Number of protein chains: 2
Amino acid sequence: MSKLVASLEEAIRAAGLKDGMRISFHHHLRNGDFVLNMTLALIAKMGIRDLTVNASSLFDSQEPLLAHIKNGVVTELETNYMSPVIGKAVSEGILAKPVIFRTHGGRPGAIETGVTPIDVAFIAAPTADNQGNCTGRVGKSACGSLGYAFADAMHAKKVVAITDNLVEYPLGDYSISETYVDYVVKVDAIGDPEGIVSGTTRMTRDPLALRIADLSARVIRASGLLKDGFSFQTGAGGASLAVGQSVQDIMTREGIKGSFALGGTTGYLVDMLEAGCFQTIMDVQCFDLKAVESLRNNPRHVEISASHYASPGAKSSASQNLDVVVLGATEIDVNFNVNVHTDSNGYIIGGSGGHSDVAAGAKLAMVIAPLSRARLSIVVDKVLTTTTPGKTIDVLVTQYGAAVNPLRDDLRKELARVGIPLKEMGELRKIAEDLNGVPEKCERGSRVVGKVLYRDGSLIDEIYQVKEA
Amino acid sequence: MSKLVASLEEAIRAAGLKDGMRISFHHHLRNGDFVLNMTLALIAKMGIRDLTVNASSLFDSQEPLLAHIKNGVVTELETNYMSPVIGKAVSEGILAKPVIFRTHGGRPGAIETGVTPIDVAFIAAPTADNQGNCTGRVGKSACGSLGYAFADAMHAKKVVAITDNLVEYPLGDYSISETYVDYVVKVDAIGDPEGIVSGTTRMTRDPLALRIADLSARVIRASGLLKDGFSFQTGAGGASLAVGQSVQDIMTREGIKGSFALGGTTGYLVDMLEAGCFQTIMDVQCFDLKAVESLRNNPRHVEISASHYASPGAKSSASQNLDVVVLGATEIDVNFNVNVHTDSNGYIIGGSGGHSDVAAGAKLAMVIAPLSRARLSIVVDKVLTTTTPGKTIDVLVTQYGAAVNPLRDDLRKELARVGIPLKEMGELRKIAEDLNGVPEKCERGSRVVGKVLYRDGSLIDEIYQVKEA
C-alpha cells in the first residue's frame, strides 16, 4: 500500500505521462534545484515529447531545459519568472510558441480553475514519508515553505513527490498531505543546499541604496500606515532589506506593534518578528537559512499557499490585507507602469513573481529604484514590457525624491506636509536623460516570444523576439 | 474589504441562500453546538424552505431541527451519525425522503466529487479573524480539531464562518484558510463549553468491561502488530479506553515505540503520546479538554482533515495505514456484519461515523462488546442494519472469548497459540440466546426512512420506519 516506487523513471511511467501533456514544478529549491533537470532528463530518455512545462519559476541552473526544448521534449513553457540564461534563449526565439508568463497569485488561480490543467506535478520534497506527506521544514535540502507547490499538489491529476529525506510514516509536521500524492520517490539529492537558500541574505552597504531606503522609510511613515497593526512586505534585494531595517528602527523606537510580514522571507524579517515588530510572518517562500529555521521552530512564522498569498481566485488573500509593499523595477515609466520582465535590450531577465499581485493588493505599493543603473535610465517614457500596471503603483522613491501617482493626491499631500522631496515623473525622466542620454529605442523583431498575463489571466503585454545583433 | 457582516441573517442573505438548496454543518461542538440551531431558526424566520441539511453528525441538542422538518424548512437530511432523539423522529417517519447516511470518510469524498454539492457551509469557528482564517484550538468554545469541516470549507459555493472569538487579522495559527471563506459573523456564543467537550473522559470501572479490555489487549499483542511502529485507534467509550490503558501498559513495560494514534482523541491518547508510546497523534476530532490542550501545544499532535483521516476518494488516508482499531457494536452477526445504526427495536440511535472506514483500513479491526446489554443479545443471527460489512472485521472480543473471522485463519492460529480463549460466532450467539432468550423479530414498516451508504457511496442497507406500538 506504500506509494514508494523504485525510481523516478518508474514514477513517470506509473503516472502515465504521455506526449503532449503538461507537467509542473515549483521553485522553492531555487538555483539549487535538481528535480526539474533530473525529471526532464529521464523523460527525454524515455522518448516522451511535446510537453508543456508549467514551473512557478525557472532558474539558470535549469539551463539543461534548453536542450530539451531544442530536441522537442518541451515545446511550451508557462512560468512566473525566468532568470537570464533561460530568458536569453527564449528571447532569441528558441520556442515556436510564446512563453506564458503568469504571476505568483495568478498561477494557482489558473491551475485551480483548469485554465492550465496539470497532468503530472513533480514536487521537490525536502522531507516526505512513504505515503507522500511532505514538508520543506526539515531535511538536508530544507527550503522552508512549499507554498507555491500547494496548487500543483491539490489539482494535478497525478502527483509525484521526490525526496532525499524519506522518513517513517506519518510525517506529522506535513505541509502537503498524502491525500494529494500518488507516488513517492527517494533520490540521493533533490538539490544543492548552497543554491537552495543563501547562508545569509546581505544588506546593502551602497550609500546610494541606503539613501533611497532611508527616504522610503520616511515615505512609509508619512503614509500614516506605520502604526499598530502595520503589515509589510519587502524583497530580498539589498535596498529592499535596508528599507526593512529603517522601518524596524522606527517601529522599535516608537513601540509600534505590527500585525504581519508577508511574502518571501529573509532573516531580516525574522529579526523583526523576534523583536516584536510583527505578530506573524506569512511565508510562501524562504530566502535564507534563518527563515527556514524560524518557520521550523517559531509557531508565529506560518507557511501559506500561493493562493493564500495572492490568488485573485481565492475568496481573499493576505496580499489584499497588506499595508505596504516595497517593490523593485527594471524600468518604470511616467505612467507608473513597471517592467520587471525585460531589460533595455529587450531580453527577458525576470518576470512578475508576486510583483503585480502585491501591488494590486497593498494600500501603499512603492517602487524603489535608483534613477539609473549601469548608465541606463530606470525612469523611462514608456516601459518596454508592462509587468505591473501603473494604476496599482502609488509611489516611486529614487535618490532624487519621491514621485507620487496622481491617483494618490492624498498621499502626495502627506509627503509634502512632512517635507519629503517630491518630484514629478517627467522631472525624474528628464534628470535620468540628462545623466544617461536619451535611451536608444530597443529594436525588436515581430515575433511574439512571451505573453504576459496579468493576475486575472488577461493579456497585459507581449514580449517580442530580440533582433540579432 | 473585510468579510465581517453584521449578523448571521445578513450572511445568509449575502450567501444567496434560496429554497431547495443544500447547507452543511460540522459537529465538532457536539452536543454543545449552537450554530445549527441558530442558523435554522433564522432561515425559518426568513421564509426559506425545502432545504437539504448535510451535517457530519447530529446531536440531541439539535432537537429544534425537528420543528424545522415539520414546517418544511428542512426536507432532506444527510449525516454520518444521529443521536437518539433525532433518530427517534426519523425512525417514526418525520421526513418524506430517506435520510442519507454516509461515513466520516465517505462524506468528504462525496462533497469533493460533487455527489452532494454544498451551496452554503456554516462553519462553527471557535476563533476566526475578519477574513475567515479559522481555528478550533483557542477561544472560549475551543473544540480542537476542525477536521470534518475542511471539505465543507474547501468545496461549498459559499462559506460562512461563525465565531464567538473574533481576533485581529491574521490569525496565524489557522486550520481553515481565508481563501475558502466568504463571510464572517461574530455571535455571543457558538456553543456551550460543557457540551462541546467533556472535562475529562472517564475510564470504565465495570469489571466486565475491564475483562473484555484485558482480553482485547492480549489479542492485539498476539496479532504481532504491537511492536515498534505500531499505530492505533480506539474510541472514547469506557471499555475502548480501557483497551488503550492495557495497550499502554504493555508498550511501556516492553519499551515499544509506536508511530501514530488516530481518530477522535481523548486525554488517554494524549497520555500515551506524552509517555512516548506514539510519535504523533493525527486528530480529526477532540473529545475532551486535555486533547484540545495537547493539539494546541504539542507539535506532535496534529490536526488532519476528514479526507486525510479516512476518505476513499483521497489518494491515501491515515486509516489505510492503521494497524489496529478498537470498535464498538450495537449488534454483530454471525457473519461479522456490524450494526451501529439501529437498536433492537429498529430505532436509529447512531450511525457509522468512522466505523466502517477504519474497519476497512486497519490491519486488525476488532469489535469489542459484552455478549448482552440490558438483557439483549449483541451477537445475533443477522444484524438489523448493516453499518460495516463483516469482511472488514477481523475479530470480536467478548467476555467469553474471541471469535475470529474465518477470513483470518492466520490470526486465529496466533490467538490459539498464545492461549486466548476462542469461540465460534455460532457458539457466542447460542450463549447469548441461552442468556437472553431468542430475540423477538423486530417488526418494521415498509417505508424506507434511511439509506445507509457505504464509504464508497454504494448502498449497503436501508432502514425502515418503525411500526407504531
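Here is how names work: the chains are called A, B, and so on, in the same order as the sequence lines, proteins then strands, and each is numbered from 1. Keep in mind it's a predicted model, so treat the numbers as computed, not measured.
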- Beyond-backbone contact of Pro170(A) with Met282(B), side-chain heavy atoms, under 4.5 angstrom: yes
- Task: Measure Thr280(A) against the heavy atoms of chain B and call it side chain, backbone, both or neither at under 4.5 Å.
- Result: side chain
- Query: Out of Gly229(B), Gly172(B), Gly313(B), Ser311(B), which one racks up the most heavy-atom pairs below 4.5 Å with chain A?
  - Reply: Gly172(B)
- Message: So Met154(B) and Met154(A), do their side chains get closer than 4.5 Å, heavy atoms only?
- Response: yes
- Item | Residues in residues 128-139 of chain A near chain B [non-hydrogen atoms, under 4.5 Å] | Gln131(A), Asn133(A)
- Task: Could you tell me whether the side chain of Lys315(A) reaches within less than 4.5 Å of the side chain of Val181(B), counting heavy atoms only?
- Result: no
- Task: Mark yes when over 12 heavy atoms from residues, nucleotides or ligands other than Lys157(A) sit less than 6.0 Å from its NZ; otherwise mark no.
- Result: yes
- Item | Considering all heavy atoms, the nearest Ala318(B)-Glu178(A) contact | N-OE2, 3.9 Å
- Message: Counting neighbours of CD on Glu10(A) that are heavy atoms of other residues, nucleotides or ligands and sit closer than 6.0 Å, is the number greater than 12?
- Response: yes
- Item | Leading residue by heavy atom contact count with chain A [cutoff under 4.5 Å; candidates Arg300(B), Gln320(B), Glu168(B), Gln279(B)] | Gln320(B)
- Side chain from CB out, backbone as N, CA, C, O: work out which of these in Glu303(B) comes under 4.5 Å of a heavy atom of chain A, or both, or neither. backbone
- Task: Below 4.5 Å from any heavy atom of chain B, which atoms of Ile304(A) appear? Answer side chain, backbone, both or neither.
- Result: both
- Contacting moiety of Ser316(B), where chain A heavy atoms sit under 4.5 Å: both
